[in-house]
Number of protein chains: 2
Amino acid sequence: MMTGTGHRGGDTAGGASAHRPTLATVAERAGVSVSTASLAFSGAGPITPETRDRVLGAAKELGYTGPNPLGRQLRSGRSGVVGVVVGDQLRRAFRDPVAVKVLDGLVSTLGENGLGVLLIPGIPSDDPERAVDPLVESAAMDVAVLVWGVGTDDPTLDALRRRGVPVVVGEGRPVEGAPLVAIADRTGTAEVVRHLVGLGHTRVAEVSLPLDSSDRSGPLDAHRLAQVDRTPTANRLAGVRDVVEPVASWETEASLVEHGRSAALALLGRPGEDGTVEPLDAAARPTAVIAHSDLLAAGALLGVRELGLRVPDDVSVAGFDGLDLPWLAPDVLTSVEQPLARKGAELGRAVIGLLAGEEPGTVTLDVELVVGTTTGPAPA
Amino acid sequence: MMTGTGHRGGDTAGGASAHRPTLATVAERAGVSVSTASLAFSGAGPITPETRDRVLGAAKELGYTGPNPLGRQLRSGRSGVVGVVVGDQLRRAFRDPVAVKVLDGLVSTLGENGLGVLLIPGIPSDDPERAVDPLVESAAMDVAVLVWGVGTDDPTLDALRRRGVPVVVGEGRPVEGAPLVAIADRTGTAEVVRHLVGLGHTRVAEVSLPLDSSDRSGPLDAHRLAQVDRTPTANRLAGVRDVVEPVASWETEASLVEHGRSAALALLGRPGEDGTVEPLDAAARPTAVIAHSDLLAAGALLGVRELGLRVPDDVSVAGFDGLDLPWLAPDVLTSVEQPLARKGAELGRAVIGLLAGEEPGTVTLDVELVVGTTTGPAPA
DNA sequence: CCGTCGGATCGAAACGATTCGAGACCGAGC
DNA sequence: GCTCGGTCTCGAATCGTTTCGATCCGACGG
């Protein structure tokens, strides 16, 4: 396998201390002061090339690979770490390509500025009675990013503010003193619904994102509607109602394919004789389904197919996000495209800005209706 | 919105220093020494309840929320951070549910032990000429986890060893002095191929995982086969050949649905007249496709459908991973199920063990053949 | 030839906590 | 009354770096 030197590195020589060399060791070896040695590495401040080379040489001989980040961090008061609170359990958050794309943009932008991303579960993975993950309380981080829905009285947010960790919010309700990166949720949703109405649809059914963290699913009535405590959800619900009052609405527990499918079966079908589900009569059936996310829409599409209905002849389906979903072939989902990677990048920029002392502001990104093959004229 | 106190916290009183209180501040206020105050928080060492309460009270008055992690880290020499190197670009790594599930298990296990996960791109996101991400060189971490394929002369691995950061390897070739968590890749692959052969298939086509990081795709011949430099790939290639020599093999650039689809079109079809792809003649066509991953298999399945062929009547398709892919309905993929979350958990355990000074060992997890609806008898 | 200026180097003081050994205090036993 | 032992508290050292101000030196101008 030939991986070269052993595990510990070559301190087999007449090592004074068995431990890892420090800047002081290097300085001594090079015959300079610690401060000069520091200069040689950081490059801040004047230093003769010869001196620097001498220090770097001594470092190489000793196997010193650069200043210990811990010391540097204590001195500078910064850890170079940005905590990213992923809304829910990690598993579920990452099953959603939307989340992944945003995260990708975020990591890239932060990486370019030498910042690392520390993953923090929004809900403690171990102890369900605890309100927040222990990392929230005690991990070193310069800024925290809250993506995907800050509820009111969010315990994680509270803990972070108590600690004095600056916060950046994405896709959430505004938080005082924190930059916000949002998208034009409401108008975008309204636009796609207007597209459906323009095609002659009057009986529109809705598949909603989760209203809160309660894991509830089922029909969404006016009473429940008043309890919505998540921002993207609230905006999209409102966007739909800006144009039309849905004939039926279904609340899901998570934005995943399987939940979209169940919703479609519930909205467009009824239990059959032998335990199967059969479609409602055409006269009573909604002719269009607007889902709050593409994953939900994709599930709905599968559900519609499963009921033996044709898309878009019998039922039109539209989503939100603008994901590329090749496995829906031959269908291409009508959707509202949002710039996900850019959203991540803007979150990153907001973090950098905050660290640079800029005043927090709000960024709202535009979205665009993209018409696919899953929407068509309402059946006659 | 009523979020309560302002952003900075209430240091509007006659604040001596505008800055955040330290343990020294608290100690002074409580009338005890710094060391005693430390005891009050850490709980290590004897302390009278009254003294502790006095310290905690003072802390609350001053808005001190606990010891600064940076100071603690410098003293203890540990950062509480585990770097996780995700093989490729983040985007691609996270589009693979396999990666996500492993990561989820890992984060849970580490979280229970107070360790956080720092995301490190395996390939630098910004500067393509640079060999490793800057975080690899200078971020504080106690251990690094390399998941998904360590090549020979992996620059990231080299950099970590140079720094003296202990390493845990998952799904890779063994690394000296580093714990390894692997699965029974080869025997599992052999088992599913044996299943196909048992059904009478003799013309088996193979869709391979990437052989290295070159982003190549295309037919896989003996020459190229000798260049394989990734471990799960090497094992699965070998597992197939333990049972049968494939009539055709196709190398993909990533384990994603679209690449599986292209592979299937290339292996089972040929360019038609009007730019479309039409299936090969039944006599020449492979009757089974074994893909090295479920995502590739799913793509292959879509490709097969697209060619107008029936599964499993015309072509059987099998994968590896045991993912739940509801959108393939009504088909259920025949696959080899591997315990993904457990793999993550074992990686976490290895990290903990390493930090506790245990000797690194190897863990190999078992896999299980799960027969679905996508494999059947070879056509007569 | 002296004063001054600027660049390179050095010392020492943070940064904020943990930890070890020493000391203070108190009660009990002889 | 004195010593011993046990508990709690304190001082000081330490972790490894950065940075500020002082110092030292050679060179240049007057």
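Letters go in sequence order (proteins before strands), and every chain restarts at 1. All values below come from the heavy atoms of this structure, side chains included, with hydrogens, waters and symmetry mates left out. Just so it is clear, the structure is predicted and the values come from calculations on it, not from any experiment.
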[X] side-chain N/O to [Y] backbone N/O, donor-acceptor pair under 3.5 Å:
X: Thr109(A); Y: Gly105(A); answer: yes
X: Ser138(B); Y: Leu135(B); answer: no
X: Asp142(B); Y: Arg78(B); answer: no
X: Arg29(A); Y: Ala58(A); answer: no
X: Asn113(A); Y: Leu115(A); answer: no

Problem - Short N-O contact, Arg342(B) and Glu346(B), less than 4.0 angstrom - result: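 Salt bridge: yes.
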Exercise for the section: State whether Arg163(A) and Glu137(A) are salt-bridged, where the test is any N-O pair (Lys NZ or Arg NE/NH1/NH2 against Asp/Glu carboxylate O) under 4.0 Å. Expected result: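 No, Arg163(A) and Glu137(A) are not salt-bridged.
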Can you check the [X] [atom1] to [N] [atom2] distance for me, whole Å?
X: Glu28(B); N: dT9(D); atom1: CD; atom2: C1'; result: 17 Å
X: Arg52(B); N: dT9(D); atom1: CZ; atom2: P; result: 10 Å
X: Leu23(A); N: dT18(D); atom1: CG; atom2: P; result: 7 Å
X: Leu70(B); N: dG16(D); atom1: CG; atom2: P; result: 15 Å
X: Gln73(A); N: dC15(D); atom1: CD; atom2: C1'; result: 13 Å
X: Asp142(B); N: dC15(D); atom1: CG; atom2: C1'; result: 14 Å

Phosphate contact ([N] OP1 or OP2) by [X] side-chain N/O below 4.0 Å:
X: Ser33(A); N: dC10(C); value: yes
X: Arg75(B); N: dT14(D); value: no
X: Thr22(B); N: dC15(C); value: no

Exercise for the section: Nearest-nucleotide wise, let me know which of Val34(B) and Val34(A) is further upstream toward the 5' end of DNA chain D. Expected result: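 Its nearest nucleotide lies further toward 5', so the answer is Val34(B).
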Problem - Of residues 37-50 of chain A, the positions that come close to DNA chain C - non-hydrogen atoms, cut-off under 4.0 Å - result: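 Those residues are Pro46(A), Ile47(A), Thr48(A).
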Give me the atom names and distance for the closest heavy-atom approach of [X] to [Y].
X: Gly83(A); Y: Ile120(A); result: CA-CD1, 3.9 Å
X: Ala144(B); Y: Leu160(B); result: CB-CD1, 3.7 Å
X: Val55(A); Y: Phe41(A); result: CG1-CE1, 4.0 Å

Exercise for the section: Give one of base, sugar-phosphate or nothing for Ser76(B), where a contact means two heavy atoms less than 4.0 Å apart. Expected result: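 Touches nothing.
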Exercise for the section: Between dT18(D), dG11(D), dT9(C), spot the one nearest the side chain of Ser35(B), thanks. Expected result: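 Among dT18(D), dG11(D), dT9(C), the one nearest the side chain of Ser35(B) is dG11(D).
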Practice task
Give, ordered by number, those residues of residues 54-68 of chain A having at least one heavy-atom distance below 4.0 Å to an atom of DNA chain D; if nothing qualifies, reply none.
Solution key: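 Heavy-atom cutoff 4.0 Å gives Tyr64(A), Pro67(A), Asn68(A).
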Problem - Distance (rounded to the nearest 0.5 Å) between Glu28(B) CD and Leu62(B) CG - result: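 Rounded to the nearest 0.5 Å, the CD-CG separation comes out at 9.5 Å.
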Practice task
Find the bend of the helix from dC1(C)-dG30(D) to dC30(C)-dG1(D) as the angle between its two terminal axes (five pairs each), to the nearest 10°.
Solution key: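 Rounded to the nearest 10 degrees, the bend comes out at 60°.
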Exercise for the section: Examine the side chains of Ser38(B) and Ser35(B) and answer whether a donor and an acceptor come within less than 3.5 Å of each other. Expected result: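 The criterion, which ignores hydrogens and geometry beyond distance, is not satisfied for Ser35(B) and Ser38(B).
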